[in-house]
2 protein chains.
Amino acid sequence: MTEIDAPPHPFDAAVALAPAADGRLRGRTRPEYANMVGPFGGVTAATLVQAVQQHPDRLGDPISLTVNYAGPVSDGDFDVTARVVRTNRTNQHWILELAQDGVVTTTATMLSGLRRDTWSDTELAMPSVPPPDAVPAQGFPDFIAWARNYELRFVEGPVPDQDAGEHPDSTSTLWVRDAPARPLDFPALASMCDVFYPRVFLRRGRYMAAGTVSLTVYFHADAEEIAACGEDHVLGTARTHRFSRGYFDQSARLWGRDGTLLASSHQLVYFKD
Amino acid sequence: MTEIDAPPHPFDAAVALAPAADGRLRGRTRPEYANMVGPFGGVTAATLVQAVQQHPDRLGDPISLTVNYAGPVSDGDFDVTARVVRTNRTNQHWILELAQDGVVTTTATMLSGLRRDTWSDTELAMPSVPPPDAVPAQGFPDFIAWARNYELRFVEGPVPDQDAGEHPDSTSTLWVRDAPARPLDFPALASMCDVFYPRVFLRRGRYMAAGTVSLTVYFHADAEEIAACGEDHVLGTARTHRFSRGYFDQSARLWGRDGTLLASSHQLVYFKD
């Protein structure tokens, strides 16, 4: 029996966009996905993917996405503009902006495209880790609201507690899924690419001011592979290559339980120690 | 003695931009950096970095860059527009477009910023390889014009020749510098992030239609570290994580000879086998 009166999943509410004036789309930040300042960057990325997903001119599925976090998003309404820059035979380039009261807070570019059957191969094996039910669920501190909407099972590199000392490397590996569970789709996958807390916290064993300035997602999986994940856990791992003078990178990979590399993702993070 | 009448280095000629109407910048493709179709993607990325570098409103040095190759650039003139989206206290977000006859061929977003002294660490060690003079210079086939402007010394994964069979992995590692030699700067570093030929050629042991659709560069090095490289070789390595249904990713890293991680770079490539 379908509960047609059931409220939407909090994630669907957070990425919902309604048509507004001048071709813009209107959304609203949700307290469920709040971060220290403004919304969780992953849900902002997901909202921009959603803007393309529901656009009448869209060709194909998300292939790559870059989101630039130019300034903080305040609690409340925001406008998204999604503009097709160029449509080729099998793919399409987009420029997106998220603005509040006419001030741009976020820019993005995205490629969508049709998939074709070609020679295929995954070079990178999924890390060998215990299954999700063998790893305890372990969250972020309670004041990080958005993390309560993910079930996080850290295999290595959990969020440091107050007594944590320095850590020799920056790698975290975890099983993750939406809480409550929700079938995986492109917006949800984009959001999960950002569930890795700033790597500098792990290395230094403490919190400090840090925020993503640019996030890139490569969607390796097609719609069928993503649908096949259903509500199952996804394995994610992330690490930094270099911390240098106020910025560091993070590279992440997300696998389906069966070893399908769903996405690889990279971000540059500002920090102040 | 400075030869003030010496012609500019071909790279400087290729990225040169002159003020044009409506705040645009006018450039011109150069035969020295031609690829199979249009110019080498690296030099297009470098031209966009150059547009910001010479902009009067610029704040700080390049921190991150994403270039989207939406359509082919034809031989001849092109226009670059560089727009500041937002200037924060220590960094600045840009949107750039490259167009020919009003048709956008390339979009980009860039972050520039001021560096501050912070805790710093490089987690990724430079691969242990023989020095450049112990590795023979080995180019691309002659019909790839742009590659003649780089001195390429492959440690592993050279361009496959006609008799090459399939290769078990996608990794190429090489020493690279401009030919003729030229002091490293931000545009040149951006360009070098794209010297790795499509990884599918290596895996399959043959050429096929392939082109970068999106390239991201994270500049880990500051201006001083880049200047310290001078005209010396840079070590680059690149690999793919997944080839799937018409697209694959490539992740690359570039080190200075002394082990400084100068840049990490990621791209998504279209291919047709």
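Just so you know, these numbers come straight off a predicted model, no measurement behind them. Every chain is numbered from 1 and lettered A, B, ... according to where its sequence line falls, protein lines coming before strand lines.
Using a 4.5 Å cut-off between heavy atoms, B:T66 contacts chain A through its side chain alone, with no backbone atom that close. When heavy atoms are compared at a cutoff of 4.5 Å, A:E225 approaches chain B solely by way of its side chain, counted from C-beta outward. A:D169 touches chain B through backbone and side chain together, each having a heavy atom under 4.5 Å away. Contact of B:D117 with chain A is made through backbone and side chain together, with heavy-atom distances under 4.5 Å. With a 4.5 angstrom heavy-atom cutoff, B:L111 touches chain A only via side-chain atoms. With a threshold of 4.5 angstrom between heavy atoms, A:I95 approaches chain B through side-chain atoms but not through N, CA, C or O. Both the backbone and the side chain of A:D121 come within contact range of chain B, with heavy atoms under 4.5 Å apart. Using a 4.5 Å cut-off between heavy atoms, A:T107 touches chain B through its side chain atoms alone. If you measure heavy-atom distances from A:L261 to chain B, the contacts under 4.5 Å come from both the backbone and the side chain.
The aromatic rings of A:H266 and B:H266 sit parallel to each other, their planes meeting at less than 30°, with 60° as the upper class boundary.
Between A:R242 and B:E123 no salt bridge is recorded (no basic side-chain N to carboxylate O distance below 4.0 Å).
Note that CH2 of B:W119 and CZ of A:F248 are 9.0 Å apart. Values are rounded to the nearest 0.5 Å. If you take CD1 on B:I63 and OH on A:Y270, they are separated by 11.0 Å, rounding to the nearest 0.5 Å. In this structure, CZ on B:R245 lies 8.0 Å from OG1 on A:T118, to the nearest 0.5 angstrom.
In this structure, B:N91 and A:Y247 have side chains that are in contact, with non-hydrogen atoms separated by less than 4.5 Å.
Although no hydrogens or angles enter the test, the distance criterion places no donor-acceptor pair under 3.5 Å between the side chain of B:N68 and the main chain of A:M110. With A:R115 contributing its side chain and B:S244 its backbone, the two residues share a donor-acceptor pair below 3.5 Å.
Chain A forms the most heavy-atom pairs under 4.5 Å with one residue out of B:V200, B:L114, B:T109, and that residue is B:T109. Interface summary for chain B: among A:R116, A:H93, A:E97, the most heavy-atom pairs under 4.5 angstrom belong to A:R116. Contacts with chain B were tallied for A:R253, A:R204, A:K272; A:R204 has the most, counting heavy-atom pairs under 4.5 Å. Note: B:S120 leads B:S214, B:S120, B:A108 in heavy-atom pairs under 4.5 Å with chain A.
Taking a 6.0 Å sphere around CG of B:D258, one finds it holds more than 12 heavy atoms contributed by other residues, nucleotides or ligands. Annotation for B:M208: atom CE counts as buried by contact number, over 12 foreign heavy atoms lying within 6.0 Å.
Of all the heavy atoms in B:R86 and A:T105, the pair that sits closest is NH1-CA, 4.0 Å. Of all the heavy atoms in B:L268 and A:S64, the pair that sits closest is CD2-CB, 3.9 Å. Scanning both residues, A:D249 and B:S264, for their nearest heavy atoms gives OD2-OG, 4.0 Å.
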